[in-house]
Novice: 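Structure in structure tokens, see below.
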Amino acid sequence: MKYNRCGKSGLLLPQISLGLWHNFGSVDNFENGENIVKAAFDKGITHFDLANNYGPVPGSAETNFGKILKNNFHGNLRDEIIITTKAGYTMWDGPYGDWGSRKYLLSSLDQSLKRMNLDYVDIFYSHRFDPETPLEETMMALDYAVRSGKALYAGISNYNAEQTREATEILKSLGTPCLIHQVKYSMFVRQPEAGLLDVLEEKGVGCIAFSPLAQGLLTDKYLKGIPENSRASNPNGHLKTDEVSVERIQKIIQLNTIAQERNQSLAQMALAWLLKDKRITSVLIGASSVGQLNNNIESLQNLDFSTAELLEIEGILG
């Protein structure tokens, strides 16, 4: 595993990090999740990413991760891992369980620490921009989280370029620099290229890409349409059937051909494609099995692209 410097900070993050958005909730098999985390750490993945509402049920991924830590990461091993959490999406009913108020963010952080049985997290994120709350209030809450010792670093997620510029400037003025931005980015989701990555580079902020495989689209799973038991076939999933159009499947098939020529799976190529940009600190993968985890890690064996390959990929993506 190679580790990249996170922006202009002193922190190094693995090129591949493990997210617990799916497969670690109360409805999932605990032993499987525990095995995935242990295997990830053994392969050099030191960064584990959570949020208050990950589950289902909301909060249960943090609770399960706390149990995994207690079972497997004794003593100084806590000092060998980066644990992150977030608040910003709906966590509980009522006026104080959502968005970006100081009240919600700091209450949520306290709850997250209790669920994971931790004294602190390494990074605490504002999970999304709140148009109704002054940005100063949200950033002051992140600053307080760091100054109180409940988080070591502050981060933001799902902010656009303009919001990111303002947020980083506020945090810098408070004396708590923004460490990292977590953004949705993949071959199929290119919005970060329209200004955001430039702002992050200018401000010295790291970038970690989530959904790098576009909810599984950038795998061999959809080469023949929508399979049973896939995210697109789940009416409650985040991937909708209209995202798996005939045109999209044709692009997946063509991209898969390039991946095969590179001796990679489509998923491996999609991860490598993100990591070719030096502004990307890490890519955040999910995993439903140790085998899938290992397959994704193998993407690091070939991160180089020829000019011809990149042009061909852009031609397919349009």
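Note that the structure is a prediction, hence the values are computed from the model and not measured.
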Novice: Using atom types as modelled and distance alone, determine if a side-chain donor or acceptor of Thr257 lies under 3.5 Å from a backbone N or O of Ile253.
Specialist: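 Yes; judged by distance alone, with no hydrogens or angles, the pair exists.
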Novice: Ignoring hydrogens, what is the shortest heavy-atom contact between Gly25 and Ser60? Give both atom names and the distance.
Specialist: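 In terms of heavy atoms, the two residues are closest at CA-OG, 3.4 Å.
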Novice: Can you find a pair of side-chain heavy atoms, one from Glu162 and one from Glu166, that are under 4.5 Å apart?
Specialist: no
Novice: Donor-acceptor check, side chain of Gln250 to backbone of Val246, threshold 3.5 angstrom: yes or no?
Specialist: no
Novice: SG of Cys178 to CD of Glu169: how many Å apart, nearest 0.5 Å?
Specialist: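 If I round to the nearest 0.5 Å, the distance is 11.5 Å.
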Novice: Out of Phe24, Tyr54, Phe48, which one pairs with Phe65 under the ring pair (Phe, Tyr, Trp, His ring centres under 6.0 Å) rule?
Specialist: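 That would be Phe48; it is the only one of Phe24, Tyr54, Phe48 passing the ring pair (Phe, Tyr, Trp, His ring centres under 6.0 Å) with Phe65.
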Novice: For residues Leu223 and Asn256, determine if any side-chain heavy atom of one lies less than 4.5 Å from a side-chain heavy atom of the other.
Specialist: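 Yes - at least one pair of side-chain heavy atoms lies under 4.5 Å apart.
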Novice: Using a strict 4.0 Å threshold on nitrogen-to-oxygen distance, state whether Lys278 and Glu201 make a salt bridge.
Specialist: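 Salt bridge: no.
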Novice: Would you check if Leu69 and Ile81 make a side-chain contact, meaning some heavy-atom pair closer than 4.5 Å?
Specialist: yes
Novice: Using side-chain hydrogen bond (donor to acceptor under 3.5 Å, both in side chains) as the criterion, list what pairs up with Asp143, not counting sequence neighbours.
Specialist: Arg147, Thr176
Novice: With the 4.5 Å side-chain cut-off for hydrophobic clustering, are Leu275 and Leu197 part of the same group?
Specialist: yes
Novice: Quick check against the 3.5 Å criterion: does Ser26 have a side-chain atom that pairs as donor or acceptor with the backbone of Pro56?
Specialist: yes
Novice: Would Glu137 and Thr133 count as a side-chain hydrogen bond (donor to acceptor under 3.5 Å, both in side chains) here? Give the steps.
Specialist: CA-CA 7 Å; Glu137 178 179 341; Thr133 297; 5.2 Å; no
Novice: Among the clusters formed by ILVMFWY side chains lying less than 4.5 Å apart, do Val205 and Tyr3 turn up in the same one?
Specialist: yes
Novice: Between Asp304 and Arg262, does at least one N-O distance fall below 4.0 Å, as a salt bridge requires?
Specialist: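 Answer for the salt bridge query: no.
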Novice: Tell me every residue that passes side-chain hydrogen bond (donor to acceptor under 3.5 Å, both in side chains) with Thr281, counting only those two or more places apart in sequence or in another chain.
Specialist: none
Novice: To the nearest 0.5 Å, what is the distance between CG on Leu255 and CE on Met269?
Specialist: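 Nearest 0.5 Å value for the CG-CE distance: 5.0 Å.
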Novice: May I have the step-by-step check of side-chain hydrogen bond (donor to acceptor under 3.5 Å, both in side chains) for Ser17 and Ser282, ending in yes or no?
Specialist: CA-CA 6 Å; Ser17 301; Ser282 181; 2.7 Å; yes
Novice: Pick one: which of Val290, Asn29, Ile68, Leu293 meets side-chain contact (heavy atoms from CB on, under 4.5 Å) with Asn35?
Specialist: Val290
Novice: Among Tyr96, Trp99, Trp92, find the residue that satisfies the ring pair (Phe, Tyr, Trp, His ring centres under 6.0 Å) test when tested with Tyr104.
Specialist: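 Answer after filtering Tyr96, Trp99, Trp92: Trp92.
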Novice: List the residues meeting side-chain hydrogen bond (donor to acceptor under 3.5 Å, both in side chains) with Ser108, not counting sequence neighbours, and say none if there are none.
Specialist: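 Per chain and number, Ser108 pairs via side-chain hydrogen bond (donor to acceptor under 3.5 Å, both in side chains) with Asn52.
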Novice: Work out which heavy atom in Ala87 is nearest to a heavy atom in Leu105; give both atom names and the distance.
Specialist: O-CD2, 3.4 Å
Novice: With sequence neighbours excluded, give me every salt bridge (Lys or Arg N to Asp or Glu O under 4.0 Å) pair touching residues 30-58.
Specialist: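 For residues 30-58, and leaving out neighbouring residues, the salt bridge (Lys or Arg N to Asp or Glu O under 4.0 Å) pairs sorted by first residue read Asp49-Lys86.
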Novice: Per the ring pair (Phe, Tyr, Trp, His ring centres under 6.0 Å) rule, what does the pair list look like for residues 147-201, sequence neighbours excluded?
Specialist: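 Sorted pair list: Phe129-Tyr159.
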Novice: Are Leu142 and Met140 co-members of a hydrophobic cluster defined by side-chain heavy atoms under 4.5 Å apart?
Specialist: yes
Novice: Might you confirm whether atom CG of Asp79 has over 12 heavy atoms from other residues, nucleotides or ligands at distances under 6.0 Å?
Specialist: yes
Novice: Show your reasoning for whether side chain to side chain contact (heavy atoms under 4.5 Å, CB included) applies to Met116 and Leu50.
Specialist: CA-CA 10 Å; Met116 292 187 281; Leu50 298 106; 4.1 Å; yes
Novice: Is there a side-chain contact between Ser112 and Glu62 in this structure, where contact means two heavy atoms from C-beta onward sitting under 4.5 Å apart?
Specialist: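 Contact flag for Ser112/Glu62 side chains = yes.
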Novice: Could you report the tightest heavy-atom contact between Thr138 and Ser126, atom names first, then the distance?
Specialist: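 Distance-wise, the nearest heavy atoms are CG2-OG, 3.6 Å.
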Novice: Give the intermediate values and the outcome of side chain to side chain contact (heavy atoms under 4.5 Å, CB included) for residues Asn72 and Val37.
Specialist: CA-CA 10 Å; Asn72 303 281; Val37 170; over 6 Å; no
Novice: Is a side-chain donor or acceptor of Asn296 paired with a backbone partner of Ala267 at a separation under 3.5 angstrom?
Specialist: no
Novice: Can you hop from Ile208 to Leu20 via hydrophobic side chains spaced under 4.5 Å?
Specialist: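 Hydrophobic grouping puts Ile208 apart from Leu20.
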Novice: Report the C-alpha distance between Lys203 and Thr164 in whole Å, list the side-chain angles of each, state the deciding distance to 0.1 Å, and finish with yes or no for side chain to side chain contact (heavy atoms under 4.5 Å, CB included).
Specialist: CA-CA 10 Å; Lys203 298 297 184 181; Thr164 296; over 6 Å; no
Novice: With rounding to the nearest 0.5 angstrom, report the CD to CG distance, Gln182 to Asn158.
Specialist: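 Nearest 0.5 Å value for the CD-CG distance: 7.5 Å.
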Novice: Take a 6.0 Å sphere around NZ of Lys2 and say whether it holds more than 12 heavy atoms from other residues, nucleotides or ligands.
Specialist: no
Novice: State which residues pass side-chain hydrogen bond (donor to acceptor under 3.5 Å, both in side chains) with Asp110; sequence neighbours excluded, sorted by chain then number.
Specialist: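 In terms of side-chain hydrogen bond (donor to acceptor under 3.5 Å, both in side chains), with neighbours along the sequence ignored, Asp110 is linked to Lys150.
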Novice: Taking all heavy atoms of Val183 and all of Pro192, pick out the closest pair and write down the distance.
Specialist: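 Answer, listing the atom of Val183 first, then Pro192: CG2-CG, 3.6 Å.
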Novice: Establish whether Ile83 and Ile156 are linked, either directly or via other cluster members, by ILVMFWY side-chain heavy-atom contacts under 4.5 Å.
Specialist: yes
Novice: Quick one: are Gln15 and Leu303 in side-chain contact, heavy atoms under 4.5 Å?
Specialist: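 A side-chain contact under 4.5 Å exists here.
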Novice: Between Arg5 (side chain) and Ser9 (backbone), is there a donor-acceptor pair under 3.5 Å?
Specialist: yes
Novice: Taking the side chain as C-beta and beyond, is there a heavy-atom pair between Ile180 and Ile123 under 4.5 Å?
Specialist: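 Heavy-atom side-chain distance check passes, below 4.5 Å.
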Novice: With rounding to the nearest 0.5 angstrom, report the CG to CG distance, Leu218 to Leu266.
Specialist: 5.5 Å
Novice: Drop me the distance from Leu284's CG to Leu274's CG, to the nearest 0.5 angstrom.
Specialist: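 Output value for this atom pair is 11.5 Å.
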Novice: Considering only heavy atoms from C-beta outward, does the side chain of Arg78 approach that of Asp122 to under 4.5 Å?
Specialist: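 Yes, their side chains come closer than 4.5 Å.
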Novice: Measure the OG-CG distance between Ser186 and Leu317 for me, rounded to the nearest 0.5 Å.
Specialist: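 Reported value, rounded in 0.5 Å steps: 9.0 Å.
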Novice: Are any non-hydrogen side-chain atoms of His22 and Gln215 less than 4.5 angstrom apart?
Specialist: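 In short, these two side chains touch, coming nearer than 4.5 Å.
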Novice: Which heavy atom of Asn302 sits nearest a heavy atom of Ala272, and at what distance?
Specialist: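 Of all heavy-atom pairs spanning Asn302 and Ala272, the closest is O-CB, 3.5 Å.
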Novice: Which heavy atom of Asp28 sits nearest a heavy atom of Gly55, and at what distance?
Specialist: OD2-O, 4.2 Å
Novice: Centres of the Phe73 and Phe41 rings: under 6.0 Å?
Specialist: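 Phe73 vs Phe41: aromatic centres under 6.0 Å.
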Novice: Start with the C-alpha gap between Leu271 and Leu300, add the side-chain angles, then the distance that decides, and say whether side chain to side chain contact (heavy atoms under 4.5 Å, CB included) holds.
Specialist: CA-CA 8 Å; Leu271 297 175; Leu300 301 178; over 6 Å; no
Novice: Just wondering, more than 12 heavy atoms not from Asn117 lying within 6.0 Å of its CG?
Specialist: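 No, CG of Asn117 has 12 or fewer neighbouring heavy atoms, counting only those of other groups under 6.0 Å.
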Novice: Look at atom CD of Glu202 and say whether more than 12 heavy atoms of other residues, nucleotides or ligands are closer to it than 6.0 Å.
Specialist: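 Yes - once you tally the heavy atoms of other residues, nucleotides and ligands closer than 6.0 Å, there are more than 12.
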